[in-house]
> 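Please find one structure pasted underneath; my questions will follow.
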Amino acid sequence: MARFSLTTPLYYVNARPHIGSAYTTMAADAIARFARLRGDEVLLVTGTDEHGQKIQRTAQEQGLPPQTHCDRVAAEFQALWQKLNIQWHRFSRTTDPRHGVIVKEFFLRVWERGDIYLHQQQGWYCVACEEFKDERELLPGRYCPLHPTLLVEWRDEPNYFFRLSRYQAQLEQLYQTQPDFIQPETRRNEVMKFVAQGLTDFSISRLHLDWGFPVPVDPQHVIYVWFDALLGYITALLEPDEPPSLAAAVRTWWPVDLHLIGKDILRFHAVYWPAMLMSAGLPLPRRIFAHGFLTKDGQKMSKSLGNIVDPFALVETYGSDALRYYFLKEIELGKDGDFSEERFVQIVNADLANGLGNLLNRTLKLVHKYCGGRVPTATDSNENPLAAMGRELGEQVAQAYAALALHRACGLTLALVQRANQWIDEQAPWQLAKTGNQQALAGVLYALLEAVRLAAYLLSPVIPQTSTRIYQQLGYDVDFDRELPIGFAEHSRWGVLPTGQAVATPEPVFARLELPKLIKS
RNA sequence: GGCGGCGUAGCUCAGUUGGUCAGAGCAACCGGUUCAUACCCGGUAGGUCGGCGGUUCGAGUCCGCCCGCCGCUACCA
């Protein structure tokens, strides 16, 4: 059995989970679910990044010990993932004591390699970025360009540096020999351009900070949050009760097949992280995919605009399948996308309720009326437009998932549903019944049932609950959240519904969504 | 300033190597229908394919310039 491992970012616990984190995680979950459907053994890693001065200060502002604050926020992430029906296997927290062991071991490896040195660093420091800033990139009045309301602070302190510069050639060779390492291609170009300009060493420690792991060779210093956070991917790979060690952590699941990230943290993953791993003599992840950002009604989400989308409220109101479907079908992973509540409701209703759900409903009614509630026999008229599409679909969708083109996987599948709704009118099975053409009738209904089944199966990584209801109404004892149907090769193909299988009484599998009535003034 | 990318019907987008390429879905309007979750089916969009110029028998589809939006990055200062 093949293995497939992937990660979401470890989300910073500076604030409650936002829709962007939810988006990444929904995508990762769908990718993981498809791999599982295909029969792979899958490990999905998510988690939280909990160190750094910013966390310390946030906790302080709330009058909480940092760990308490982290516990609370981490719990919120887990709660949201549950509501979104995410099936994760490891939730990696960087304050996990086992993580400290891994970080220490990793640091020492790099240290012994001679890639870490002490250097006096002076400059303006943004606490929010956890980074030193060049004076010239500051906004007038010494504000951070990324955090225009935050004054940068003057620091003059010795820090430990990682010899990133030493790895420039190796990195460039990596990008050359492994063109798929960074995706989409536009991101790859950005990274290559950045590296080509020349790399400078970056600091991996901070002084005057408590909230983090001490530098093993100099406990006055604390390890910089990013150095620590990236390693959380590796710590996560330890078995639950396993004593922590680098060797144990990388034994089974490393290197991961995919780091799914947002485009804002590309450089850390595509440049710093591979260099760190090279230094430590560890294999590199196979692929890094950076997705785009979300806007709300065409505008950037921001506190000052007051247009932040709350994922908790959304999933409470509309349910997880609806959200997952909209974000994964309507937005191309890798490109920026927009969330409009009105459009969201329209699309989801059109595709899932009116399209897919209603197709099942009307077909099932016919099956009960004319075929005694059992799957009819597929006739020679296997030659029909649905069968023609259906025979190609499994492979096409598999390719789309492999390319992480989730929107295409959904679009291809929906095309079958749309064609089926046309075809049912063209064939008018109720007319066939009147004229006593029972064989043709059976063939038509079989094709319709099969189209719904195939669509439900291929969409199950995205809308597992809806797919489950469809499969169950079609007479299968299957729950895509628990017990998958056996055999991708079979279920992804056309024509697997067994003749004679009893189908259930039709019930809507996806209730139409309603826009909240009042428009806020 | 340099380098990516993008700009196609109200909205989201498809459009291989130039010649039914002017499309799909959603929305809207009109009509039909009942097997169906006020659903589905059919029809209607006269969109200068961002603008200008060029290559060509023929260009969203190639070339040049320009405008607008976005990303990465630099520098002047």
Side-chain angles (χ1 to χ4, degrees), chain A residues 134-138 140 145 182-200 262-267 270-271 290-295 297-300 325-332 334-371 400 405 407-408 410-434 441 444-445 448-449 452 466 469-470 473 505-515:
Chain A
D134 273 358
E135 174 135 28
R136 58 166 190 256
E137 64 180 310
L138 298 179
I182 304 167
Q183 292 180 314
E185 198 171 337
T186 170
R187 300 295 163 211
R188 172 174 182 258
N189 294 338
E190 283 178 13
V191 169
M192 288 178 64
K193 189 119 191 307
F194 172 76
V195 172
Q197 285 174 192
L199 295 174
T200 53
K263 64 183 182 182
D264 54 326
I265 53 176
L266 178 60
R267 191 182 300 171
V271 182
H291 71 244
F293 277 179
L294 265 25
T295 54
D297 299 320
Q299 286 190 304
K300 196 179 279 190
Y325 185 79
Y326 178 82
F327 284 106
L328 302 182
K329 151 91 187 319
E330 281 298 300
I331 297 169
E332 179 178 342
K335 286 191 175 173
D336 289 353
D338 187 55
F339 176 78
S340 139
E341 197 156 349
E342 190 181 338
R343 182 173 152 70
F344 160 73
V345 168
Q346 283 175 346
I347 292 289
V348 168
N349 280 344
D351 287 3
L352 299 185
N354 304 344
L356 180 62
N358 188 234
L359 175 64
L360 173 70
N361 201 262
R362 62 198 302 210
T363 304
L364 241 31
K365 274 268 168 61
L366 292 167
V367 170
H368 278 285
K369 203 162 176 178
Y370 301 124
C371 303
H407 72 297
R408 192 147 44 89
C410 294
L412 286 164
T413 307
L414 247 287
L416 176 65
V417 172
Q418 283 160 352
R419 189 66 189 88
N421 268 319
Q422 288 179 324
W423 199 61
I424 193 171
D425 277 39
E426 291 169 13
Q427 298 302 308
W430 46 93
Q431 290 293 341
L432 295 174
K434 275 184 196 163
L441 175 62
V444 168
L445 292 185
L448 290 167
L449 288 172
V452 182
T466 304
R469 286 185 212 109
I470 292 173
Q473 289 195 25
T505 304
E507 262 175 58
V509 291
F510 188 93
R512 293 170 57 80
L513 267 31
E514 278 183 47
L515 218 42

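Protein chains get the first letters and strands the later ones, always in sequence-line order, with residue 1 at the start of each.
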> Quick one: list whatever passes salt bridge (charged side-chain N to carboxylate O under 4.0 Å, His left out) with A/Arg362, sequence neighbours left out.
A/Asp425

> So, is A/Lys193 near the phosphate of B/G2, with a side-chain N or O under 4.0 Å from OP1 or OP2?
no

> Which value, in whole Å, describes the distance between the P atoms of nucleotides B/A38 and B/C70?
43 Å

> B/C3 P sits how many Å from A/Met192 CE, rounded?
17 Å

> Using a 3.5 Å limit for the pairing distances, which stems of at least 3 consecutive Watson-Crick or G-U wobble pairs does RNA chain B take part in?
B:1-3 with B:71-73, B:5-7 with B:67-69, B:10-13 with B:23-26, B:28-32 with B:40-44, B:50-54 with B:62-66

> Check every strand shown and say whether A/Val509 touches a base, only sugar-phosphate, or nothing at a heavy-atom separation below 4.0 Å.
base

> Can you confirm whether A/Pro429 sits close enough to A/Ile424 that some side-chain heavy atom of one is under 4.5 Å from a side-chain heavy atom of the other?
yes

> Report the residues that fulfil side chain to side chain contact (heavy atoms under 4.5 Å, CB included) with A/Asp264, sequence neighbours left out, ordered by chain and then residue number.
A/Phe293

> Is A/Leu360 close to A/Gln473 at the side-chain level, that is, under 4.5 Å between some pair of heavy atoms?
yes

> B/U12 and B/G7: how far apart are their C1' atoms, nearest whole angstrom?
14 Å

> If you measure from the P atom in B/G53 to the same atom in B/A59, how many Å do you get, rounded?
13 Å

> Work out how far the P atom of B/C67 is from that of B/A28, and round it to whole angstrom.
40 Å

> Starting at CZ of A/Phe194 and ending at C1' of B/G71, how long is that distance when rounded to a whole Å?
15 Å

> Whether A/Glu190 and A/Arg187 form a salt bridge (side-chain N of Lys/Arg under 4.0 Å from carboxylate O of Asp/Glu) is what I want to check.
yes

> Less than 4.5 Å apart, any side-chain heavy atom of A/Ile331 and any of A/Lys335?
no

> Give the rounded distance in Å between these two atoms: CG of A/Asp336 and C1' of B/G4.
14 Å

> If you only use heavy atoms from C-beta on, which nucleotide in B/A14, B/G71, B/G4 is closest to the side chain of A/Lys335?
B/A14

> Would you mind telling me which of B/C72, B/C35, B/A74 lies closest to the side-chain atoms of A/Gln197?
B/A74

> From the options B/G4, B/A36, B/U37, select the nucleotide whose nearest atom is closest to the side chain of A/Arg362.
B/A36

> Regarding A/Arg343 and A/Asp338, does a basic nitrogen lie under 4.0 Å from an acidic carboxylate oxygen?
no

> Should A/Asp336 and A/Thr295 count as side-chain neighbours, where that means a heavy-atom distance under 4.5 Å?
no

> If I pick the P atom on B/C13 and the same atom on B/C76, what distance separates them, to the nearest angstrom?
39 Å

> Mind calculating the distance between CZ (A/Phe293) and C1' (B/G71) to the nearest angstrom?
11 Å

> How long is the line joining CD1 of A/Ile424 and P of B/A36, in whole Å?
10 Å

> Syn if the chi torsion is within 90° of 0, anti otherwise; quick check, which is B/G60?
syn

> How about A/Glu185: does its CD atom have over 12 heavy atoms from other parts shown lying under 6.0 Å from it?
no

> Could you check B/G43 for me: syn (within 90° of 0) or anti?
anti

> Would you mind classifying the nucleic acid contact of A/Phe510 as base, sugar-phosphate or nothing, using non-hydrogen atoms under 4.0 angstrom?
base

> Determine whether more than 12 heavy atoms belonging to other residues, nucleotides or ligands lie under 6.0 Å from atom CD of A/Gln422.
yes

> Given B/U37, B/C41, B/G4, identify the nucleotide with an atom nearest to the side chain of A/Asn421.
B/C41

> Roughly how many Å apart are B/G18 and B/C62, using the C1' atom of each and rounding to a whole number?
7 Å

> C1' atom, B/C52 versus B/G15: distance in rounded Å?
24 Å

> Measure the distance from NZ on A/Lys263 to P on B/G5 and round it to the nearest whole Å.
15 Å

> Could you pull out the protein-nucleic contacts involving nucleotides 60-62 of chain B (nitrogen or oxygen on both sides, under 3.5 Å)?
none

> Report the distance from atom CD1 of A/Ile182 to atom C1' of B/C72, rounded to the nearest whole Å.
13 Å

> So A/Asp297 and A/Glu341, side-chain contact (heavy atoms from CB on, under 4.5 Å) or not? Walk me through it.
CA-CA 8 Å; A/Asp297 299 320; A/Glu341 197 156 349; over 6 Å; no

> With A/Asn361, which residues qualify under side chain to side chain donor-acceptor pair (under 3.5 Å), at least two apart?
none

> In whole Å, I'd like the distance from the CZ atom of A/Arg187 to the C1' atom of B/G5.
9 Å

> Please produce a list of atom pairs where a protein N or O lies less than 3.5 Å from an N or O of nucleotides 24-32 of chain B.
none

> Applying side-chain contact (heavy atoms from CB on, under 4.5 Å) to A/Leu366 and A/Trp430, what does each step give before you reach the verdict?
CA-CA 8 Å; A/Leu366 292 167; A/Trp430 46 93; 4.3 Å; yes

> Quantified in whole Å, what is the C1' atom distance between nucleotide B/U48 and nucleotide B/U8?
12 Å

> Closest-nucleotide mapping onto RNA chain B: is A/Tyr370 or A/Thr186 further toward the 5' terminus? I mean the 5' end.
A/Thr186

> Which residue lies toward the 5' end of RNA chain B, A/Lys369 or A/Lys300, if each is placed at its nearest nucleotide?
A/Lys369

> Parallel, tilted or perpendicular for A/Tyr326 and A/Phe339, by the 30°/60° rule?
perpendicular

